[in-house]
Amino acid sequence: MSWIEQRFQQSFTEKGVSKLLKRLGFSYTKATYTLAHANPVEQKAFREITLPKLKEQIVEGQIDHFHRLRNWARHSSRSRRM
């Protein structure tokens, strides 16, 4: 079972997810730099300080990256029931 299906009780093909995300205003971006040019001290600080804080904020509901997708899934499932 995919993460989307577990989280939103909706099933999509890979292409369907791609189209959905595009309709929601997301776009594919590719990094223009390589980690070889990254600052190792800043990387370590991010892994040890910033990332744990961000994860905690997500768990506590202070950050909701999936707000748009969740609302779409709720609306979509209601529309199908009618």
- Option among L51, V41, N39 that satisfies the side chain to side chain contact (heavy atoms under 4.5 Å, CB included) test with F46: L51

- Check A38 against P40 and note the closest heavy-atom contact, atom names and distance. O-CD, 3.3 Å

- Under the side chain to side chain donor-acceptor pair (under 3.5 Å) rule, what pairs show up with a residue in residues 46-60, not counting sequence neighbours? E60-Q62

- Query: Are E5 and W3 side-chain neighbours, meaning at least one heavy-atom pair lies under 4.5 Å?
  - Reply: no

- Task: Report the distance from atom CG of L20 to atom OG1 of T13, rounding to the nearest 0.5 Å.
- Result: 10.5 Å

- Item | Straight-line distance of K19 NZ to K15 NZ, nearest 0.5 Å | 6.0 Å

- Task: Go through the steps for Q10 and F12 under the test side chain to side chain contact (heavy atoms under 4.5 Å, CB included), then give the verdict.
- Result: CA-CA 7 Å; Q10 298 288 323; F12 294 95; 3.5 Å; yes

